[in-house]
Amino acid sequence: MLAGLAAQQDQDFTVLVSDQSDADPSYATPAAQAMTRRLRLTGHPVVLTRHLPRRGLAEHRQFLLDSADADRVLFLDDDVWLAPDVLRRLGSALTELRCGFVGNAMQGLSFMEDERPDEQLPYREWDGPVEPEETTGSDRWTLHNAANLIHLADRLNLRPGEWRAYHVAWIAGCVLFDRPKLLDCGGFDFWTELPAEHAGEDVAAQRRVLERYGGAGILPSGAVHLESPTTVPD
């Protein structure tokens, strides 16, 4: 994840890594430290912190949100590598679309030979401004399985720098929020209503933003899922 951020082109950002490991923090490795130094060397402040005890994913995301003061916040999972143009593309898209969030759903490159036309059928581009919408019962979630977005982008034959906004149910792994809009929708404040062991908190928060401000997926996706074992098996 840090290596992907270190490779981003012409973007100003600060990195906050919050760890909840039981033993040594995840950033206490030579590779992570090297990328942290690289980010700092190129003018990107990096804050490495621990947030314990664990009170669930939603509470952890709320802690991250409360720690930020930028107008835009990128929630990026630590098992995602970003292509060098992702932040620039997402930033441009959020500026142009003026919605609550945009994102690049993470793609599994081990599925490149696994073409799934049926799962790509719900793909529908935004024609005009992004509007608030209900997503309950949506079948759009299949778009983000396997390597579907890569196959869709290949068929669209997009030019370098070109991107398309499309309707989503939610986006996992790499989401850029308009922070004031996310806060206006409550952020992840519902964490107090949940047991410590839960999942789907990103879906819940994004749906609240979708209903009030709208949101969009951005094609192509430069977010690569590293396909490492999940730490949230339940």
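None of these values were measured; they are calculated from a predicted model.
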- Note on the structure: For Gly100 and Val209 the tightest heavy-atom approach is CA-CG1, 3.6 Å
Salt bridge check: are [X] and [Y] linked by an N-O gap of less than 4.0 Å?
| X | Y | result |
| --- | --- | --- |
| Glu133 | Arg140 | yes |
| Asp118 | Arg116 | no |
| Asp189 | Arg208 | yes |
| Arg50 | Asp19 | yes |
| Asp178 | Arg98 | no |
| Glu162 | Arg89 | no |

- Task: Test salt bridge (Lys or Arg N to Asp or Glu O under 4.0 Å) on Arg179 and Asp69 and set out the steps.
- Result: CA-CA 8 Å; Arg179 188 173 66 93; Asp69 58 10; over 6 Å; no
Is the [atom1] atom of [X] crowded by more than 12 outside heavy atoms at less than 6.0 Å?
| X | atom1 | value |
| --- | --- | --- |
| Asp184 | CG | yes |
| Arg159 | CZ | no |
| Trp126 | CH2 | yes |
| Asp12 | CG | no |

Between [X] and [Y], do the side chains contain an N or O donor and an N or O acceptor separated by less than 3.5 Å?
| X | Y | answer |
| --- | --- | --- |
| Gln9 | Arg88 | yes |
| Gln62 | Asp66 | yes |
| Gln20 | His60 | yes |
| Thr95 | Arg72 | yes |

- Check ring pair (Phe, Tyr, Trp, His ring centres under 6.0 Å) between Phe63 and all other residues, then give those that pass, not counting sequence neighbours. His51
- Using ring pair (Phe, Tyr, Trp, His ring centres under 6.0 Å) as the criterion, list what pairs up with Tyr166, not counting sequence neighbours. Tyr123, His144
